[in-house]
Amino acid sequence: MRWDRPILTDSGGFQVFSLGDLRTISEEGVEFKSHLDGSKHFFSPESVMEIENDLGADIIMAFDECVEYPATYEYTKQSMERTTRWAKRCKAAHKRPEDQGLFGIIQGGFYKDLRERSAKDLIDLDLPGYAIGGISVGEPKKEFIDILQYTAPLMPKNKPRYLMGVGTPDYLIEAAIAGIDMCDCVLPTRIARNGTAMTWNGKVVVRNATYERDFTPLDAQCDCYTCKNYTRAYIRHLVKANEILGIRLLSIHNLRFLTKLMERVKIEIENDNLLSFRNEFYKQYGYDV
RNA sequence: GUGGGUGUAGCGUAGUUGGUUAACGCGCCAGUUUGUGGCACUGGAGAUCAUGGGUUCGAAUCCCUUCAUCCACC
């Protein structure tokens with residue numbers, strides 16, 4: 001893998017999650033039924049690796065099942081064991097290990113012994129990085145943090161630790177506290193598309209009427225292109241008018257907000273001050289500590 | 001000027017053999033969104049049914065007045 005340029009990931013394009021009747025899981029793989037025309041599409045660890053190799057992303061994820069919340073112990077166990085078997089098959093089918101990092105995904109739902117089992121078995125595969133999957137799927141925040149803090153220390157210290165699907169500022173800070181190195185999420189761009197900005201003072205739903213004549217930037221403390229050039233009122237106008245520029249500007253801002261947040265997190269880690277920063281942030285951002 | 005049509009929420013419409021809280025889309029207002037497909041999902045507010053009068057137990061619906069608007073003719 002190369003670490004000297006922006007890293008491209010597969011963006012979770014092959015997750016197996018919450019598709020209900022449109023999805024049939026077997027040991028061999030997963031059959032998806034298109035909701036558009038009913039056509040069937042079969043994915044296996046091998047076929048997914050072939051696609052990932054063709055795409056050429058720097059980081060590619062093993063084909064796994066993200067179990068929904070809540071799930072029984074028995075189902076979670078069987079699913080986790082299958083995900084581990086799939087990871088082995090992915091590794092065997094991976095044709096570009098020299099320039100594409102195949103990460104394993106630790107499953108096990110909200111059962112600690114299953115998390116431990118999953119981590120150990122995947123670490124045995126000696127993959128270049130590991131992810132925590134299957135949390136941030138609708139569970140209470142307490143349970144999220146509990147499993148996060150239990151699982152992260154099980155992961156190799158000398159390899160990237162990736163938490164999948166986390167995007168709110170508070171969860172990102174909690175992830176950093178737990179020892180996570182990287183996250184990815186649809187949230188910043190999804191809420192941008194629906195007219196919402198993340199700021200150092202909490203969410204700003206800029207599409208709301210209260211910003212109609214607000215000629216200040218989305219976030220006064222932000223140094224992004226959007227905040228340096230556009231007002232809330234104008235962005236609101238663009239969003240309301242269905243003008244693509246509006247959600248582009250919001251996406252630019254939200255992504256910058258998160259990278260800025262992580263820059264700050266790194267500084268606080270160096271200063272050994274992350275926990276008090278978390279508390280300070282919660283107060284300012286509007287969460288209960 | 002004559003004949004005919006039309007007037008229902010901000011906009012576009014549905015609803016008339018007269019019968020309980022007048023429907024829908026868009027817009028508007030708000031909430032949701034955590035392993036993305038670009039604009040989604042869930043709620044909510046808003047109409048003295050152009051106007052004045054009449055018939056009737058009861059009128060958006062039937063009759064007349066006025067106004068507005070559209071079409072044709074002059």
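All chains are named by letter (A, B, ...) in the order of the sequence lines, taking the proteins before the strands, and each is independently numbered beginning at 1. The figures that follow rest on heavy atoms only: side chains count, while hydrogens, waters and symmetry mates do not. Note that the structure is predicted; figures quoted are calculated from it, not measured.
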Self-check item: Earlier contact from the 5' end, RNA chain B, for A:N242 and A:D170
Solution: A:D170

Self-check item: Residue whose closest nucleotide on RNA chain B lies nearer the 5' end, A:I105 versus A:A209
Solution: A:A209

Quiz item: How is A:G134 classified with respect to the nucleic acid when contacts are heavy atoms under 4.0 Å: base, sugar-phosphate, or nothing?
Solution: base

Practice problem: May I ask you to say what A:E212 touches in the nucleic acid, namely base, sugar-phosphate or nothing, with a heavy-atom cut-off under 4.0 Å? | Solution: nothing

With a 4.5 Å cut-off on side-chain heavy atoms, are [Y] and [X] touching?
X	Y	result
A:F103	A:L127	no
A:D113	A:R115	no
A:F277	A:N271	no

For the [atom1] atoms, the ones on [N] and on [M], what distance do you get once it is rounded to whole angstrom?
N	M	atom1	result
B:rU17	B:rG4	C1'	25 Å
B:rU48	B:rA9	C1'	13 Å
B:rU51	B:rC41	C1'	43 Å
B:rA59	B:rG15	C1'	14 Å
B:rA47	B:rG37	C1'	39 Å
B:rC11	B:rC49	P	16 Å
B:rG53	B:rA40	P	47 Å
B:rU66	B:rG58	C1'	26 Å

Quiz item: Quick one: the side chain of A:E68 and the base of B:rG35, do they pair up donor-acceptor inside 3.5 Å?
Solution: no

Nearest whole Å is fine: how far is [N] [atom2] from [X] [atom1]?
X	N	atom1	atom2	value
A:N254	B:rU33	CG	P	14 Å
A:L250	B:rU33	CG	P	17 Å
A:N194	B:rA30	CG	P	15 Å
A:Y171	B:rG35	OH	P	12 Å
A:R190	B:rC41	CZ	P	13 Å
A:I106	B:rG35	CD1	C1'	15 Å
A:K240	B:rG27	NZ	P	8 Å
A:R161	B:rG35	CZ	C1'	20 Å

Exercise. Ignoring backbone atoms, test whether A:R207 places a side-chain nitrogen or oxygen under 4.0 Å from the OP1 or OP2 oxygen of B:rA40.
Key: no

Quiz item: For A:N208 and B:rG31, is the shortest distance between a side-chain N/O and OP1 or OP2 below 4.0 Å?
Solution: yes

Quiz prompt | Sequence-distant partners of A:D170, salt bridge (Lys or Arg N to Asp or Glu O under 4.0 Å), two or more places apart | solution = A:K141

Quiz prompt | Any residue meeting salt bridge (Lys or Arg N to Asp or Glu O under 4.0 Å) with A:E268, in chain and number order, not counting sequence neighbours | solution = A:R264

Quiz item: If you measure from CD on A:Q100 to CD1 on A:I60, what distance do you get to the nearest 0.5 Å?
Solution: 4.5 Å

Taking the minimum atom-to-atom distance to the side chain of [X], which one of [options] wins?
X	options	answer
A:T196	B:rU33, B:rG35, B:rC29	B:rU33
A:I191	B:rU33, B:rC39, B:rG35	B:rU33
A:V186	B:rU33, B:rG35, B:rC39	B:rG35

Quiz item: Taking the six-membered ring for Trp, are the ring centroids of A:Y69 and A:F110 within less than 6.0 Å of each other?
Solution: yes

Practice problem: Please determine if A:E28 and A:R82 form a salt bridge, counting it only when a charged side-chain N lies under 4.0 Å from a carboxylate O. | Solution: no

Practice problem: Answer yes when A:E81 and A:R117 have at least one side-chain N-carboxylate O distance shorter than 4.0 Å, and no when they do not. | Solution: no

Practice problem: For RNA chain B, produce a single dot-bracket line, 5' to 3'. Pairs: Watson-Crick or G-U wobble, both distances under 3.5 Å. Symbols: ( ) within strand, [ ] crossing, | other strand, . unpaired. | Solution: ((((((((.[[[[.)...(...]]]].(((((.......))))).....[.[[[..)....]]].]))))))).

